[in-house]
Amino acid sequence: MGIELTWFGHATWRVRSEGKTILVDPFIAENPACRATIDQLGPVDLILITHGHADHVADAATVANKYQSTVACVYEIATWLQSKHQVANAVGMNLGGEKNFGFCKVKMTIAFHSSELPDGSYGGNPAGFVVTISGKRLYFAGDTALFGDMQLIGKLGIDAAILPIGDLFTMGPADSVEATKLICPAVALPSHYNTWPPIIQDANAWGLLIREQTRAKPVVLQSGESYSL
Ligand code: NI
Ligand code: MN
């Protein structure tokens, strides 16, 4: 079975395979780079949240409550979604842990960032995710700096790595190229850029660096576009 990976701008990604849908970091209504509405995204089985910042959790509860989606995130955010937003199926995880959701497996990886929820609540540790689905492995790095242990994540065998390139709040393009060297994915896709002026980047220039300096194939999507793997 193939996988359809769609970017909705910023760090919002949708994975579809075997009739199931995963949504990562739902930031839709207030996302200046997202052209789709929550309704247009369709039913969501599983929502993954990398950390508590508004540009990652903004629409998580709305989507989860609309579709009775399961939400996987760090324990503190799961508790917050349950107690403050009446989300019924929030699964609290923590760094290094993996959970089998039946149609996919999700492993929570480290990320170097911060994590405060929109109302000021403590959001626990920021994270990334390795998603195993339909025999492929996708790595969503989340908001993070470059770190050497990405090499260990690469040892899992990553088919597609979704990496921030926006700089300022996360890795910039050069560090993202270094990350790709450590992870050795088949495909690298840029994320978390061009949403607002402070994180504008030339993704095609990044793609050239990926092509020149790594073995990965760069895939630069426009908001709303999909890639099949
Ligand atoms: Ni953030
Ligand atoms: Mn962010």
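Numbering starts at 1 and runs along the sequence shown. Counting starts at 1 for both ligands and their atoms, in listed order. On a predicted model such as this, the values are computed, not experimentally measured, just so you know.
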- Item | Distance-minimising heavy-atom pair for Lys99 and Met93 |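 Looks like N-CE, 4.0 Å.
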
- Using only N, O or S atoms, tell me which atom of Asp143 is closest to the Ni ion (ligand 1).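 For Asp143, the N/O/S atom sitting closest to the Ni ion (ligand 1) is OD2.
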
- the Ni ion (ligand 1) - name of the N/O/S atom of His51 that sits closest to it: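 Nearest N/O/S atom of His51: NE2.
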
N/O donor-acceptor pair under 3.5 Å between [X] side chain and [Y] backbone:
X	Y	result
Asn94	Gly124	no
Thr170	Thr144	no
Asn194	Gln201	yes

- Task: Report the distance from atom CH2 of Trp13 to atom CD1 of Ile22, rounding to the nearest 0.5 Å.
- Result: 14.0 Å

- First locate atom CD of Glu178, then atom CG of Leu163, and finally report the distance between them rounded to the nearest 0.5 Å. 12.0 Å

- Task: Give a yes or no on whether Phe27 and Leu23 share a hydrophobic cluster (residues Ile, Leu, Val, Met, Phe, Trp, Tyr; joining criterion: side-chain heavy atoms under 4.5 Å apart).
- Result: no

- Which residues and atoms, counting only protein N, O or S, are under 2.8 Å from the Mn ion (ligand 2)? Asp55 OD2, His56 NE2, Asp143 OD2, His192 NE2

- Message: How large, to 10°, is the angle at the Ni ion (ligand 1) when you draw lines to ND1 on His53 and to NE2 on His113?
- Response: 90°

